[in-house]
2 protein chains.
Amino acid sequence: MIRVLIADDQAMVRQGFGALLAAQPDLLVVGDAANGAEAVTAARRLDPDVVLMDIRMPVLDGLAATRQLVGDRPESDRPRVLILTTFDLDDYVYEALRAGASGFLLKDAPAADLVHAVRVVAAGDALLAPAVTRRLIAEFAARPGRDRPRPTSLAGLTPRETEVLRLIARGRSNGEIAAELVVAEQTVKTHVGRILSKLDLRDRAQAVVVAYESGLVTAGD
Amino acid sequence: MIRVLIADDQAMVRQGFGALLAAQPDLLVVGDAANGAEAVTAARRLDPDVVLMDIRMPVLDGLAATRQLVGDRPESDRPRVLILTTFDLDDYVYEALRAGASGFLLKDAPAADLVHAVRVVAAGDALLAPAVTRRLIAEFAARPGRDRPRPTSLAGLTPRETEVLRLIARGRSNGEIAAELVVAEQTVKTHVGRILSKLDLRDRAQAVVVAYESGLVTAGD
DNA sequence: TGTCCTCCTTCTCCGACGGTACGGACGTGC
DNA sequence: GCACGTCCGTACCGTCGGAGAAGGAGGACA
C-alpha cells in the first residue's frame with residue numbers, strides 16, 4: 001500500500017486529487033496540507049511514501065518544503081516528492097530537481113498519468129512531464145561532459161610536472177609547493193619553468209587557466 | 001499518421017516491434033534497418049518521424065547513427081530518435097542523449113509504454129525510462145548549476161572589479177588588461193589590489209582559482 | 001543646492017616573488 | 001652509453017602587489 005500526502009493550498013485540488021488517488025486499490029491518502037510548513041510537519045507525523053507537492057503555496061512554498069523533507073532523513077526511508085504544478089517554468093523545474101524532487105508533473109496531465117507517476121515515484125524511480133524531460137535533456141546535452149580525456153597537450157608533461165601544475169592550480173606559491181613536495185624552492189621553479197615553456201604560457205596564472213580548461217582540476221570539489 | 005523506422009540487428013525484434021506498432025491506427029511502420037548505416041540511408045529516403053534505434057548494431061552502432069541523423073538536418077524536420085536497448089548502462093544513456101536522442105527506453109518495457117513513447121517523441125517531447133530519469137536527475141542535481149547566484153563573496157566586488165577579475169581569469173597581465181579596458185596600468189593595479197584584498201587572496205593566480213570555483217568563469221566555453 | 005559617499009581613475013615608491021638563463025648533480029631504463 | 005626525469009644551485013630582472021595619496025563623476029539624501 002502506497003501512502004500519499006497531498007500538499008496544495010486550494011481545497012478543491014486537494015479533494016480532487018484525493019478522490020482520484022483513493023479510487024486506486026493500492027494507494028492510500030494519509031493526509032493533506034494547505035501549505036509547505038503544514039506539509040513538512042504532516043510528513044513527519046504521517047510518514048508517507050509519496051508527497052504530492054504544489055509549488056505556489058503560502059507560508060512555505062513547495063520548493064523549500066521539498067528541501068526540508070529531503071534534508072530531514074537519509075536516502076533510504078525518505079518520502080518521495082512529486083511536484084505538481086500549473087506552470088512548467090524552467091526555474092521551477094531546475095530548482096525542484098535540485099531540491100530533491102523525484103518527479104515533476106503538470107496539473108493538466110491525465111488522471112492515469114498522475115496515478116502512474118505516484119507508483120513510479122514510490123518505487124524509487126523518477127518521472128517527468130514529457131516537455132520537462134525534453135528541456136532537461138537539452139540542458140544536459142549542452143553541458144560539457146565531465147569525463148573528457150584531457151585533450152590538450154597536458155600529455156607532454158612529466159608526472160612531477162603534472163603534480164606541480166595541480167598545486168599551482170590550487171593557488172599555491174612556489175615556496176608552499178616546495179614545502180609540500182619536500183624539495184628546494186629552486187626545484188619547483190625549474191618545474192614551473194618547464195611547464196610554462198611546454199604549454200607555451202607566460203604566467204602561473206595562465207597555468208591555472210589551462211589546468212581548469214583541460215580538466216586537470218575541476219571547479220567545485 | 002506517425003511514420004516510424006525500426007533499426008535493430010535482430011530480425012525477430014524488428015518483426016515484433018513492427019507488428020506491435022502497426023496495430024495502432026495512428027502509426028505507420030515505413031521501413032526497417034539491420035544496422036546503423038542502413039538506418040541512416042533509410043531515414044534519408046523514407047523520412048520517418050520517429051526512428052526506433054537499438055544501440056548495439058554491427059557496422060555503425062546506434063549512437064553514431066543517431067549523431068548522423070541529428071546532424072543531417074535542421075531542428076525542425078528531423079527524425080526523432082528513440083533509443084531502445086536491453087541495457088541501461090549509464091554511458092549509453094549519457095552518450096545517447098548527447099548524440100541527440102529524444103528518448104531512451106528498455107526493451108523490457110510494456111508494449112503500451114513503447115507506443116506511448118513513440119507518440120510523445122513524435123510530438124517533439126521527450127521520454128525516458130523511469131530508472132533513467134532518476135539517474136539523469138541525480139546527475140543534473142549534482143552539477144553545479146550554471147545559473148547559481150554566485151554564493152561566494154564575489155558580491156562585494158564592484159562591476160569594474162568583476163570585469164577585471166574576469167580578465168585575470170583569462171590569463172591576462174595587468175598591461176593587457178589596461179590596454180583592453182583603455183585605462184592606465186596603474187588603474188588596473190589598483191583594481192587588482194582591491195580584488196585581492198576584498199577576497200583575501202595573495203596572488204592573481206589565486207584570483208583565477210576563485211573565478212573558476214565561484215562560477216564567474218566556466219571551463220569549456 | 002550642498003554634502004556625503006561610492007566608484008573609477010591616476011600617481012609614486014618599493015620590496016618580494018616569479019620567471020629566465022645557465023650549469024650541473026644523480027638515478028632509472030632502454 | 002644515452003636519454004630522460006628529478007633535483008639543486010647562482011645570478012639577473014621584471015612584474016606584481018602593498019601602502020599611501022588624491023582628484024573627478026555620479027547617485028543619495030536632507
J.: Evaluate the side-chain proximity of B:Val70 to B:Arg78: yes if any heavy-atom separation is below 4.5 Å, no if none is.
T.: yes

J.: Nearest whole Å is fine: how far is C:dG18 P from B:Gln206 CD?
T.: 10 Å

J.: Specify the separation, in whole Å, of atom CZ of A:Arg204 and atom P of C:dT20.
T.: 11 Å

J.: What residue among A:Val81, A:Val121, A:Leu128, A:Leu82 forms side-chain contact (heavy atoms from CB on, under 4.5 Å) with A:Ser102?
T.: A:Val121

J.: What is the distance, to the nearest angstrom, from the CZ atom on B:Arg172 to the P atom on D:dC16?
T.: 14 Å

J.: Of B:Leu181 and B:Asp203, whose nearest nucleotide on DNA chain C comes first from the 5' end?
T.: B:Leu181

J.: Can you figure out which of D:dA11, C:dT10, C:dC7 approaches the side chain of B:Ala184 most closely?
T.: C:dT10

J.: Would you kindly give the CD-to-C1' distance between A:Gln186 and D:dG9, to the nearest whole Å?
T.: 7 Å

J.: Is the shortest side-chain N/O distance from A:Thr190 to OP1 or OP2 of D:dT6 below 4.0 Å?
T.: no

J.: Do A:Leu114 and A:Leu84 have side chains that approach each other closer than 4.5 Å (heavy atoms only, starting at C-beta)?
T.: yes

J.: Within the structure shown, what part of the strands sits under 4.0 Å from A:Glu176 by heavy-atom distance: base, sugar-phosphate, or nothing?
T.: nothing

J.: Please determine, for the side chain of A:Ser173, which listed nucleotide (C:dT9, C:dA21, C:dG18) has the closest atom?
T.: C:dG18

J.: Is B:Arg202 close enough to D:dG17 that one of its side-chain N or O atoms is under 4.0 Å from OP1 or OP2 there?
T.: no

J.: Rounded to the nearest Å, what distance is computed from the CG atom of residue B:Leu196 to the P atom of nucleotide D:dC16?
T.: 12 Å

J.: Of the options D:dG17, D:dT6, C:dT10, whose atoms approach the side-chain atoms of A:Thr158 most closely?
T.: D:dT6

J.: Which nucleotide, D:dG17, C:dC8, C:dG19, lies nearest any side-chain atom of B:Pro159?
T.: C:dC8

J.: How many Å lie between NZ on B:Lys189 and P on D:dA21, as a whole number?
T.: 18 Å

J.: B:Arg160 has a side chain; which of C:dC8, D:dG17, C:dT10 sits nearest to it?
T.: C:dC8

J.: Quick one: is A:Asn174 getting a side-chain N or O under 4.0 Å of the C:dC17 phosphate, OP1 or OP2?
T.: no

J.: Counting side-chain heavy atoms from C-beta on, which of C:dT9, D:dG17, D:dT6 comes nearest to B:His191?
T.: C:dT9

J.: Rounding to an integer number of Å, can you tell me how far B:Glu161 CD sits from C:dT9 C1'?
T.: 12 Å

J.: What is the minimum heavy-atom distance between B:Pro130 and A:Val120, and which atoms define it?
T.: CB-CG1, 3.7 Å

J.: Whole Å only: how far is the CD1 atom of B:Ile168 from the P atom of D:dT15?
T.: 17 Å

J.: Please check if atom CZ in A:Arg56 has more than 12 non-hydrogen atoms from other residues, nucleotides or ligands closer than 6.0 Å.
T.: no

J.: Would you mind telling me which residue lines up with the more 5' stretch of DNA chain D, A:Glu185 or A:Arg194, judged by nearest nucleotide?
T.: A:Arg194

